[in-house]
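Single-structure report; data block below.
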Amino acid sequence: MSQTKAKGSGVPLAERQADFAAAILDAGAPIPKGLVGPDGAPDARRFAVYRNNVVAGLSESMKITFPAVARIVGEEFFQAMARAYVVADPPRSPMLLEYGSGFPDFIERFPPAATLPYLADVARIENAWKEAFHAPEAAPLPPAALAAIAQDQVAALRLRLHPSVRLVTSRYPALTIWRMNVDGGVPGPVDLKAGGEDALVVRPAANVEVRFVPPGGAAFVRRLGEGAALGEAANAGLAASEAFDLSASLAGLISAGVFSGYELGPEQAA
Amino acid sequence: MAETPIPPNVPSRAGVGLKPQHYRDILEGKPDVGFFEVHAENYMGAGGPPHRYLTAIRERYPLSLHGVGLSIGADRPLDREHLLRLKALNERYEPGLFSEHLAWSTHDTTYLNDLLPVPYTEETLARVADHIDEVQETVGRQMLLENPSTYLAFAESTYPEIDFIAEVRKRTGCGLLFDVNNVHVASTNQEWDPVAYVDAYPLEHVREIHLGGHAPETDEAGRPLLIDTHDREVADIVWGLFEHTIGKTGPLPTLIEWDADVPDWPTLKAEAERAEAVLVANESEGKRRAAG
């Protein structure tokens, strides 16, 4: 067996890996010296396997996280956009479950996608879906839990959001478009001037659910998430939309499993 | 939930790499499979369906935990947070086997999502051995080191691959995960003799076997260049090398890896049955070795 040429050229490991890593992400960079085939000669296609594994592998993982974006723009456009993103914002950790959170902002600034102004918000819904999928477990607050709270204490109630809750606010009908482009969805005409949509993503138990939020609801949930008392959050909802309906919103959010607990005071937490 | 807890020990049977596509087939069909193996990084989220399913499957089957992102071959220090996540998964799921790769994937703050090769030098050997020591001390158990599939060689290498791996094992006391497909892929790409590779390998320290599919390509010079894709059946030539290996070692836990273009459950199960048949055919050999 002739496994090695047995003559060390003394390249320090740090330098070797720095050059190797740089050449992986820059397709135009020269291949580092001393990476050879069995005849001891350099071979570009051999190094290209690593380049391709990294960039294509990450692009493929983006397609798994952003299937609706991929369906909207088509395979070729998506691959080109995902590859550009991977090179511009490569993973910073082996926790690939967290990778891709910068993709929506990247899409917003990606000139070839400028003709699809809603695309970044569809990506935000998909990123929120992924985050909710992996979020910590927590039992949702049962609908009856708030029944015993005295009327004069309700305004001071502080509701705790379930750890999986995410909100996406869009100036476009992004949620309608997302639904048309996920499994089982049928793409159809959408009036982009029909107004914006707010989406709420939550995983109260095993399944991720994505819901429309009625007017003012997003501002309301956001303030609750910041720790505001119910009364104050309701004011934020009303400020966002005159149509905001506190009791309908609250009932809908509770039945959706959006809360995992509440506090009235230091000794009355649940 | 199982009546009695399934012990962590992974038997010398065929197992299958667990894929989300098959969670329901497994939990509803209760197939007779020796064990399942998962990529640790896919179960590092805080909660959600992956943990729910893995918990249910672990209640019914032994488990092997296979890390793909620790970057043991990196010049830089190990990512402590990542190592602690591996430790937590070991504690949570009590896998019977725990393995990682002779490869690197992290440089500075960038994670390159592949198993990149290392030069076989004194410097790399010392670094890899230090890192494996740290893994085994932190996680509190033996780690199995997997031999790589490689597409190129480093001019600065001074060790044959087998000698390098044997020396790492000796210095660290780690066990070995022997990927037979990687032996075939690397041997083709580096123009080694794969049977001689198996024969020279420190097989007495192998605790697990991997089998997967590869794709044929060619390099600049038109020589065969095999890619370790895990996207198809195990090649016949790899089955032959597996039989040769098991003929020498006796039965060992043997995993079918199929990570891309994942087939339906029956197709995957059939691959596992083919591996199991080889293990069963060599049972007497295993008993003889154990007795001797």
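Below, chains carry the letters A, B, ... as their sequence lines are ordered, and counting in each starts from 1.
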Would you mind reporting whether Phe47(A) and Tyr151(B) have side-chain heavy atoms less than 4.5 Å apart? no
May I ask you to test the Asp39(A)-Arg223(B) pair for a side-chain heavy-atom distance under 4.5 Å? yes
Honestly, the part of Thr124(B) sitting under 4.5 Å from a heavy atom of chain A is both
Whatever's closer than 4.5 Å to a heavy atom in chain A on Asp108(B) counts as neither
Verdict with supporting geometry, Arg52(B) and Glu137(A), salt bridge (Lys or Arg N to Asp or Glu O under 4.0 Å): CA-CA 10 Å; Arg52(B) 289 169 177 244; Glu137(A) 304 287 339; 2.8 Å; yes
Hey, does Pro42(A) have a side-chain heavy atom less than 4.5 Å from the side chain of Glu220(B)? no
Check whether Ile24(A) gets within reach of chain B through its side chain, its backbone, both or neither, counting any heavy atom under 4.5 Å. side chain
Chain B contact via Ala135(A) - which portion, at a heavy-atom distance below 4.5 Å: backbone
With rounding to the nearest 0.5 angstrom, report the OH to OG1 distance, Tyr50(A) to Thr150(B). 5.5 Å
Rounded distance [0.5 Å steps], CG in Leu152(B) versus CZ in Arg45(A): 14.0 Å
Can you see which heavy atom on Ala21(A) is nearest to which on Trp104(B), and at what distance? N-CH2, 4.1 Å
Surrounding CG of Asp264(B) (heavy atoms of other residues, nucleotides or ligands, distance under 6.0 Å), is the total greater than 12? yes
Can you say whether Asn113(B) sits under 4.5 Å from chain A via the side chain, the backbone, both, or neither, judging by heavy atoms? both
Are there residues of residues 67-77 of chain B that reach to under 4.5 Å of chain A by heavy atoms, and which ones? Gly69(B), Gly73(B), Ala74(B), Asp75(B)
For chain B, the option from Ala205(A), Pro32(A), Ala22(A), Ser61(A) that forms the most heavy-atom pairs under 4.5 Å: Ala205(A)
Flag the one option from Ser105(B), Ala186(B), Pro49(B) with the top tally of heavy-atom pairs under 4.5 Å to chain A. Pro49(B)
A quick test of your reading: do over 12 heavy atoms of other residues, nucleotides or ligands sit less than 6.0 Å from CZ of Arg24(B)? no
Flag yes if more than 12 heavy atoms outside Leu84(B) fall under 6.0 Å of its CG atom; otherwise flag no. yes
Look at Ala46(B), Ala221(B), Ala260(B), Ala153(B) and state which one has the largest set of heavy-atom pairs under 4.5 Å with chain A. Ala153(B)
Heavy atom to heavy atom, less than 4.5 Å: which residues from residues 81-105 of chain A reach chain B? Pro90(A), Pro91(A), Arg92(A), Ser93(A), Pro94(A), Met95(A), Leu96(A), Leu97(A)
Winner by heavy-atom pair count (cut-off under 4.5 Å) against chain B, out of Asp43(A), Asn53(A), Val49(A), Val54(A): Asp43(A)
Please report the closest heavy-atom contact between Phe154(B) and Arg16(A), naming both atoms and the distance. CD2-NE, 3.4 Å
Most heavy-atom pairs under 4.5 angstrom with chain A, which of Thr106(B), Asn189(B), Ile227(B)? Asn189(B)
Taken to the nearest 0.5 Å, the spacing of Tyr43(B) OH from His134(A) NE2 works out to 10.0 Å
Contact class of Ala18(A) relative to chain B, heavy atoms under 4.5 angstrom: both
So what's closer than 4.5 Å to chain A heavy atoms on Thr218(B): side chain, backbone, both or neither? both
If every non-hydrogen atom of Gly34(A) is compared with every non-hydrogen atom of Glu156(B), which pair is closest and at what distance? O-OE1, 4.2 Å
Indicate the atoms forming the closest heavy-atom contact of Ala14(A) with His107(B), along with that distance. O-CE1, 4.2 Å
